[in-house]
Amino acid sequence: MPFGGGNKCGCCQKTVYFAEEVQCEGKSWHKSCFLCMVCKKNLDSTTVAVHVDEIYCKSCYGKKYGPKGYGFGGGAGTLSMDTGEGLGIKPEVQAPHRPTNNPNASKFAQKAGGSDVCPRCGKTVYAAEKVIGGGNSWHKGCFRCAKCGKGLESTTVADRDGEIFCKGCYAKNFGPKGFGFGQGAGALAHSQ
């Protein structure tokens with residue numbers, strides 16, 4: 001304990017006396033200073049999240065340092081449209097989706113000097129960023145549906161003529177057509 005009666009507050013750097021002290025991560029805070037760095041909500045031991053020397057409520061911490069993308073940060077499976085600019089986060093700008101314009105979809109036609117070439121962007125695919133699907137090597141960022149641009153995984157990819165699609169777009173464009181198809185729960189409807 002430093003000379004002068006108490007520890008220094010992690011927020012205002014003034015002396016914290018025992019009656020007004022809140023401790024977190026080995027540091028002392030005034031009860032009135034123990035607030036979220038972003039939204040200024042009062043915190044307690046169940047709602048605090050610490051990052052280096054900064055304290056946040058769990059919601060603001062999640063927006064600033066948590067996972068980004070579809071399904072994160074909105075609760076109950078919702079998609080949050082908050083980009084986090086209010087927290088000082090710069091949104092990532094993705095390149096626009098470009099379908100493959102490769103006239104020769106053969107895997108061997110895409111080799112350039114022994115290295116794989118991405119059929120979507122035409123650039124070399126290195127091992128650290130390689131995803132294999134539809135008989136080709138793709139960049140992780142290029143491994144998207146040719147119709148809707150949705151990111152794909154090995155379990156959600158469907159290929160046709162050297163191009164890749166999500167299962168939904170593949171079914172709409174290349175699946176069975178006619179009466180009785182696509183009418184819910186995989187059931188075939190019959191009429192009399």
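None of the values given here were measured: they were computed from a predicted structure.
- Note on ring orientation: taking the six-membered ring where Trp is involved, the planes of Phe174 and Phe165 are perpendicular (angle over 60°, cut-offs 30° and 60°).
- The two residues Arg120 and Ile164 have their closest heavy-atom pair at NH2-CG1, 3.9 Å.
- A continuous path of Ile, Leu, Val, Met, Phe, Trp and Tyr side chains, each step under 4.5 Å between heavy atoms, connects Trp29 with Val50, placing both in one hydrophobic cluster.
- The shortest heavy-atom contact between Cys33 and Ile55 is O-CD1, 4.4 Å.
- Counting only distance, with no hydrogens or angles, the side chain of Lys147 and the backbone of Cys166 share no donor-acceptor pair below 3.5 Å.
- For Lys27, the salt bridge (charged side-chain N to carboxylate O under 4.0 Å, His left out) partners at least two apart in sequence or on another chain are Asp53.
- A distance of 8.5 Å separates NZ of Lys140 from CD of Glu129, quoted to the nearest 0.5 Å.
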Between Thr15 and Lys8, does a side-chain contact (heavy atoms from CB on, under 4.5 Å) hold up when you go through it step by step? CA-CA 5 Å; Thr15 302; Lys8 298 294 180 191; 3.2 Å; yes
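- In this structure, the separation between OG1 on Thr156 and NZ on Lys150 is 6.5 Å, given to the nearest 0.5 Å.
- The nearest pair of heavy atoms linking Lys31 to Glu21 is CE-O, 4.5 Å.
- Going from atom NZ of Lys14 over to atom NE2 of His30 covers 8.0 Å, rounded to the nearest 0.5 Å.
- Considering every non-hydrogen atom in both Gly151 and Arg144, the closest pair reads N-NH1, 3.2 Å.
- Around the CD atom of Gln13, the shell of radius 6.0 Å holds more than 12 heavy atoms that belong to other residues, nucleotides or ligands.
- Between the SG atom in Cys9 and the OH atom in Tyr17 there is a gap of 12.5 Å [rounded to 0.5 Å].
- For Leu35 against Lys40, the heavy-atom pair with the smallest separation is CD2-O, 3.7 Å.
- One distance of note links SG of Cys145 with OH of Tyr170; it measures 12.0 Å at 0.5 Å rounding.
- Within a 6.0 Å sphere centred on NZ of Lys123, heavy atoms belonging to other residues, nucleotides or ligands number 12 at most.
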Let me see the working for Val125 and Cys118 under side-chain contact (heavy atoms from CB on, under 4.5 Å), right down to the final yes or no. CA-CA 6 Å; Val125 181; Cys118 177; 3.5 Å; yes
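- Taken from NE2 in His51 to SG in Cys60, the straight-line distance is 14.0 Å, to the nearest 0.5 Å.
- Ala49 approaches Cys57 most closely through the heavy-atom pair CB-O, 4.5 Å.
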